[in-house]
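First comes the structure, then the notes that go with it.
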2 protein chains.
Amino acid sequence: MARTAGSHSQTTGPRVRAQAEALFAKHGYAAVSMRQIAAAVGVQAGALYNYIPDKQTLLFSLLHDHMADLLVAWDGQDLSNDPLIVLDQFTQFHLEYHLNRKDAVFIAYMELRNLTTDNFAIIETLRRQYEDHLERLIIAAQEAGAVTVADTRIVTLAVIGMLTEVTTWYRPDGRLDMAVLCGMYKTLVRRTLGATQV
Amino acid sequence: MARTAGSHSQTTGPRVRAQAEALFAKHGYAAVSMRQIAAAVGVQAGALYNYIPDKQTLLFSLLHDHMADLLVAWDGQDLSNDPLIVLDQFTQFHLEYHLNRKDAVFIAYMELRNLTTDNFAIIETLRRQYEDHLERLIIAAQEAGAVTVADTRIVTLAVIGMLTEVTTWYRPDGRLDMAVLCGMYKTLVRRTLGATQV
DNA sequence: GTCTATAATCAGATAGAC
DNA sequence: GTCTATCTGATTATAGAC
């Protein structure tokens with residue numbers, strides 16, 4: 001309970017990350033100054049350096065945690081034995097996860113070019129891992145005779161592209177609720193894969 | 001033939017735009033300085049202001065011309081009477097046009113947030129016009145009984161998202177040439193639309 | 001049309017007081 | 001842990017010489 005005045009280490013750190021994420025998504029990494037982040041948090045610029053070594057590391061940390069969390073979340077899914085139902089589960093998972101983290105998704109796609117070469121390689125490896133998860137599902141469905149795909153890699157990227165694009169226009173208070181949206185995209189994904197049942 | 005030393009008005013203007021486009025695509029609008037653009041062109045920073053009023057107008061001009069050129073190019077297409085062939089034509093047009101202008105496409109999607117409010121509205125109107133072209137094709141195909149779509153607007157955005165995503169990974173010297181790529185995506189688009197023939 | 005020089009501002013990051 | 005003050009260098013844009 002007793003706490004030194006001005007000491008908020010348990011809350012300021014996460015707040016720096018949250019405000020940076022929101023500002024980077026809105027204006028772009030290069031366009032946001034450390035002073036802007038500090039103002040959003042409610043501290044002076046110098047205080048930020050108690051929590052982050054520099055601006056580049058802050059960006060990398062946001063992207064890395066987003067991708068790592070995504071992989072952990074997918075690993076935690078309870079998957080069906082039906083190869084078509086599993087594809088529906090991926091569609092639903094991808095849409096819900098990404099629509100609930102629009103800022104992080106936006107940054108993860110937009111700010112890759114602002115990473116150093118080494119940091120970029122790490123993020124790309126994580127992204128590739130996620131893509132591979134879906135490609136394995138498509139290959140399994142193909143082997144089970146549930147879908148017909150000419151090139152599993154291309155179709156994997158096409159499906160992820162189609163699903164991720166939703167984050168650029170979907171509004172929770174718009175004309176479609178999540179359940180309806182997910183239902184429509186499950187159909188679109190099955191169709192794209194040439195599923196035996198749609 | 002005779003030309004005042006240092007006078008290159010017929011070439012410098014376009015070169016400023018071309019170099020700015022390349023640099024904005026690579027590093028992002030906010031991350032690129034006028035000095036960098038000038039260095040790429042081969043002049044000093046001050047000379048740029050003979051061709052552009054300011055940095056913001058340069059960005060807007062690049063985005064505006066890209067979208068306007070896209071609409072003009074589509075209007076110039078010779079379209080089939082077959083509603084499914086027309087959709088194939090759109091797929092091919094969109095892929096070829098966008099893959100030949102990767103930098104402009106990247107900027108058009110990434111730098112919208114760096115436009116002023118007024119400029120943003122203008123670009124969004126142009127983008128919406130392009131989307132409407134595809135949506136009308138889908139509606140026509142639906143009315144002709146050639147496709148089955150639950151929500152023409154959603155599917156329009158899904159198709160454009162799927163096609164545009166290709167620009168993030170396609171390499172002309174990669175394992176797929178344009179003809180094969182277009183063929184595969186024509187199938188994917190037809191499938192997504194629930195076409196009677198794929 | 002391009003140059004050099006400069007104005008006015010802002011950037012990321014650090015030092016030391018409290 | 002946060003503040004103020006500051007360092008160093010970069011930013012956009014302009015002015016005037018050539």
Side-chain angles (χ1 to χ4, degrees), chain A residues 1-24 26-63 107 111 113-116 118-119, chain B residues 1-24 26-63 107 111 113-116 118-119:
Chain A
M1 205 64 98
R3 182 187 286 169
T4 306
S7 171
H8 305 282
S9 65
Q10 288 172 331
T11 67
T12 304
R15 274 163 51 72
V16 169
R17 296 170 56 82
Q19 296 294 340
E21 180 174 290
L23 285 168
F24 289 168
K26 183 160 181 153
H27 306 291
Y29 169 77
V32 173
S33 69
M34 298 300 281
R35 284 170 176 79
Q36 277 177 277
I37 298 169
V41 172
V43 297
Q44 292 300 313
L48 297 178
Y49 292 87
N50 290 312
Y51 305 97
I52 52 158
D54 52 48
K55 197 184 175 190
Q56 164 72 207
T57 304
L58 171 59
L59 175 64
F60 171 71
S61 163
L62 289 174
L63 293 195
I107 297 172
E111 304 296 356
R113 61 192 171 182
N114 283 311
L115 293 173
T116 61
D118 289 353
N119 286 343
Chain B
M1 203 65 96
R3 182 186 287 168
T4 306
S7 171
H8 305 281
S9 65
Q10 288 171 333
T11 67
T12 306
R15 274 164 50 73
V16 169
R17 295 170 57 81
Q19 295 294 339
E21 180 175 288
L23 286 168
F24 289 168
K26 182 159 183 160
H27 305 290
Y29 169 78
V32 173
S33 71
M34 297 301 279
R35 282 173 178 76
Q36 279 177 275
I37 298 170
V41 173
V43 296
Q44 293 299 315
L48 297 178
Y49 293 87
N50 290 312
Y51 305 97
I52 53 158
D54 52 48
K55 194 183 176 190
Q56 163 71 207
T57 304
L58 172 57
L59 174 64
F60 171 71
S61 163
L62 289 173
L63 294 195
I107 297 172
E111 304 296 356
R113 60 192 171 182
N114 284 311
L115 293 174
T116 61
D118 290 352
N119 286 344

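Letters go in sequence order (proteins before strands), and every chain restarts at 1. Computed from a predicted structure; not experimentally measured.
Across all their heavy atoms, Arg113(A) and Glu111(B) have their closest contact at NH2-OE2, 3.0 Å. Among all heavy-atom pairs drawn from Lys55(A) and Tyr29(A), the shortest one is NZ-O, 3.0 Å.
Close to dC10(C), at under 4.0 Å from its OP1 or OP2, lies no side-chain N or O of Ser33(A).
Closest approach to the Asn50(A) side chain among dT11(D), dG1(C), dT2(D) is made by dT2(D) (side chain taken as heavy atoms from C-beta onward). If you check dT2(C), dC3(D), dA13(C) against the side chain of Tyr51(B), the one that comes closest is dT2(C). Nearest to the side-chain atoms of Lys55(A) among the listed nucleotides dT11(D), dG12(C), dG1(D) stands dG12(C). Closest to the side chain of Gln44(B), from the set dT4(D), dT4(C), dT14(D), is dT4(C). Side-chain proximity of Met34(A) to the nucleotides dG12(C), dC3(C), dT2(D) is greatest for dG12(C). Among dT2(C), dT2(D), dA13(C), the nucleotide with an atom closest to any side-chain atom of Arg35(A) is dA13(C). For Thr12(A), counting side-chain heavy atoms from C-beta on, the closest listed nucleotide (dG12(C), dT2(C), dT2(D)) is dT2(D). When distances run from any side-chain atom of Val43(B) to the nucleotides dC3(C), dT14(C), dT2(D), the shortest one goes to dC3(C). Out of dT2(D), dA13(D), dA13(C), the shortest distance to the side chain of Asp54(A) is found at dA13(C).
Distance alone, capped at 3.5 Å, is enough to place a donor-acceptor pair between the Asn50(A) side chain and the Ala47(A) backbone.
Contact annotation for Val32(A): backbone-only contact, meaning every heavy-atom pair under 4.0 Å involves sugar-phosphate atoms and none involves a base.
Straight-line distance from the CD1 atom of Ile37(A) to the P atom of dG12(C): 8 Å, rounded to whole Å. Taking atom CG on Leu48(B) and atom C1' on dA13(D), their separation rounds to 11 Å, with Å as the unit. The distance from atom OH of Tyr49(B) to atom P of dT6(C) is 18 Å, rounded to the nearest whole Å. Look at CD1 on Ile52(A): it is 14 Å from P on dG1(D), rounded to the nearest Å.
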I'd like to know whether Arg15(B) forms a salt bridge (charged side-chain N to carboxylate O under 4.0 Å, His left out) with Glu21(B), so could you lay out the CA-CA distance, the side-chain angles of the two residues, the decisive distance to 0.1 Å, and finally the verdict.
CA-CA 10 Å; Arg15(B) 274 164 50 73; Glu21(B) 180 175 288; over 6 Å; no

